[in-house]
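Single-structure report; data block below.
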Amino acid sequence: MSVPYEAIIIGTGQAGPPLAGRLTGAGMKVAIIERGLFGGTCVNTGCIPTKTMVASAYAARLASRGAEFGVVTGTAVTVDMQRVKARKDEISGLSNHSVESGLRKMPKCTVYQGHARFESPHEVSVGDVRLTADKIFINVGGRAVVPPIPGLDQVPYLTNSSMMQVDFLPKHLIILGGSYIGLEFGQMFRRFGSEVTIIEAGSRLIPREDEDVSAAILDILEREGIQVRLGAKCKSFARQGDQVVASVEAAGAGSDIRGSHLLIATGRRPNTDDLGLDKAGIAVDARGNILVDEQLRTNVPGVWAIGDCNGKGGFTHTSYNDFEIVAANLLDHDPRKVSDRILTYALYIDPPLGRAGMTETEARGTGRKVLIGKRPMTKVGRAVEKGETFGFMKVLIEADSQRILGAAILGTGGDEAIHSILDVMYAGKPYTVIQRAMHIHPTVSELIPTMLGELKPLS
Ligand SMILES: Cc1cc2nc3c(=O)[nH]c(=O)nc-3n(C[C@H](O)[C@H](O)[C@H](O)COP(=O)(O)OP(=O)(O)OC[C@H]3O[C@@H](n4cnc5c(N)ncnc54)[C@H](O)[C@@H]3O)c2cc1C
């Protein structure tokens with residue numbers, strides 16, 4: 001026998017819980033299913049805990065630089081990893097608790113704990129229970145990719161999830177993967193006091209960004225004593241005593257990197273392989289992402305896929321925006337769609353990288369006449385005053401329309417300052433709107449109009 005609902009939501013990530021709120025608010029009887037921790041990746045093993053730990057690492061860094069600011073701390077700075085973890089657990093735990101209690105208290109919402117699987121297009125099982133609904137929303141997120149490298153199954157390794165249990169200082173942390181997750185953990189643990197080696201197969205860090213961004217980030221990390229091995233292909237792993245040995249090949253030569261711990265940070269994959277999608281006839285792409293249209297509908301009528309599992313975002317804000325798109329279409333007669341949004345995200349090393357729209361490489365690739373503005377953070381008063389002058393800001397403008405194509409702010413406050421550029425992009429207004437705006441002194445944002453007054457053709 002199956003239990004009928006008007007809507008079933010699988011997963012309690014960034015889209016499922018607010019959608020449950022809107023659907024029940026509209027009078028629907030909703031079932032929501034979670035197999036792990038309420039709140040999903042962002043709350044438990046992603047954004048919130050890592051940014052909380054980044055804050056601890058920043059405090060450690062600033063404390064060790066105290067003398068530069070005239071602050072006398074006396075003894076050498078050390079980090080109590082158990083307190084770092086306890087602080088992280090408390091902050092992350094509050095969000096986890098608020099998602100769970102919010103759902104449990106929600107009128108017309110029933111929470112099921114367990115692994116959900118499709119049995120047919122409109123039937124889902126959780127353990128022995130079967131649920132049916134005309135509307136099903138898949139919000140199952142993703143998990144760390146573990147690459148098939150020989151010997152990896154013979155050595156202990158960490159992922160972003162198991163890193164959350166680390167309450168000690170790894171002596172030497174080897175990180176496989178020089179992209180967003182690897183860099184955040186790498187700088188954080190270096191600041192806590194670990195030796196850190198990042199192994200990256202590509203010729204530069206975070207290759208999705210422009211070369212000048214990659215180069216500046218490499219410089220920032222190396223200055224802090226992080227070893228970065230670029231163009232290094234990891235051939236195998238082995239355990240020697242209490243050490244992990246990574247055998248790498250770079251420029252035709254082999255070498256071994258020894259460390260006490262290993263973090264795998266080579267990307268994410270959607271949690272769609274164990275969902276019974278074949279029984280429902282729901283189509284996925286080669287990477288396992290559920291195929292959706294502009295309004296996040298799958299190929300099966302009455303089934304939507306929202307958040308990381310549809311491959312259209314990969315961020316907390318894109319998952320939440322997916323919820324908004326679905327709710328707007330279903331409940332508000334507002335035809336919002338995925339292509340309405342502008343790509344934006346941040347990388348939370350210190351200083352952070354705030355990004356919006358196209359990179360310089362992409363802008364060049366459009367074949368349009370493009371103007372560029374660029375300013376080093378050494379020429380941003382606020383950065384100088386804070387003693388945080390690494391990085392730069394740059395903006396790309398389409399010359400004919402005067403519209404902003406994209407921007408990057410790698411520098412103190414870059415994750416916040418990028419929003420003034422982003423919002424003008426959303427408004428569809430010319431860059432001159434910001435150029436003529438009066439911004440607050442002293443801020444990082446106050447130099448954005450100045451940069452826009454010094455545009456040059458992109459050569
Ligand atoms: C280390 C790290 C740092 C990050 N930092 C940032 C950041 O700073 N900013 C940012 O925007 N993004 C960041 N992200 C990405 C962000 O966490 C994700 O994009 C976001 O959490 C995706 O949310 P979601 O709604 O797609 O699903 P998730 O949050 O992944 O939730 C999916 C839920 O579904 C459950 N589930 C899966 N399968 C089933 C099933 N079969 N049955 C029942 N339940 C199931 C899971 O247990 C999980 O709770 C980070 C990610 C990582 C790993």
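Ligands are counted one by one from 1 in listed order, and the atoms in each one are counted from 1 as well. Values reported hereafter were calculated over all heavy atoms of this structure, with side chains retained and with hydrogens, waters and symmetry mates removed. Owing to the predicted nature of the structure, the values given are computational and were not obtained by experimental measurement.
- Summarising the contacts of atom 13 (C) of ligand 1 with C47, A116, G182, the nearest heavy atom is found in C47.
- When the options L275, T316, V140 are ranked by their closest heavy atom to atom 20 (C) of ligand 1, first place goes to T316.
- For the pair R208 and Y345, the cation-pi criterion (under 6.0 Å, within 45° of the ring axis) is fulfilled.
- Checking P49, G141, G142, C309 against atom 27 (O) of ligand 1, the nearest heavy atom belongs to G141.
- Between the side chains of E388 and T412, at least one donor-acceptor pair of N or O atoms lies under 3.5 Å.
- Heavy-atom proximity to atom 25 (O) of ligand 1, evaluated over S319, A144, G307, is greatest for S319.
- For ligand 1, the atoms lying closer than 4.0 Å to a non-hydrogen atom of G114 are 42 (N), 43 (C).
- A side-chain donor from one of E119 and S125 sits under 3.5 Å from a side-chain acceptor of the other.
- Atoms of ligand 1 lying under 4.0 Å from any heavy atom of T50, numbered from 1 in the order shown and given with element: 1 (C), 3 (C).
- In this structure, CG on L296 lies 8.5 Å from CG on N329, to the nearest 0.5 angstrom.
- Side-chain atoms of E294 come within 3.5 Å of backbone N or O of S339 as a donor-acceptor pair.
- Distance check, rounded to the nearest 0.5 Å: CE of M163 to CD1 of I264 gives 11.5 Å.
- Residue contact check: I33 has heavy atoms under 4.0 Å from atoms 43 (C), 44 (N) of ligand 1.
- The ligand atoms of ligand 1 that sit less than 4.0 angstrom from a heavy atom of N160 are 1 (C), 53 (C).
- Here the shortest heavy-atom distance to atom 15 (C) of ligand 1, taken over G46, C42, G314, belongs to G314.
- When each atom of ligand 1 is checked for a heavy atom of L37 under 4.0 Å away, the hits are 49 (O).
- The option from A15, G267, G11, G39 that lies nearest to atom 34 (O) of ligand 1, judged by heavy atoms, is G11.
- Under a 4.0 Å criterion applied to the non-hydrogen atoms of G13, ligand 1 contributes the atoms 25 (O), 27 (O), 28 (P), 29 (O), 31 (O).
- Nearest heavy-atom pair, A20 versus I32, reported as atom, atom and distance to 0.1 Å: CB-CD1, 4.4 Å.
- Those atoms of ligand 1 that come under 4.0 Å of a heavy atom in Y348, given as number and element, are 8 (O).
- Considering backbone and side-chain N/O of F185, none are found under 3.5 Å from N/O of ligand 1.
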Handout entry: Stepwise ring-ring contact (aromatic ring centres under 6.0 Å, His included) test for F189 and H261
Key = CA-CA 12 Å; F189 274 84; H261 294 80; 9.3 Å; no
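- Rounding to the nearest 0.5 Å gives a distance of 12.0 Å between NZ of K135 and CD1 of I9.
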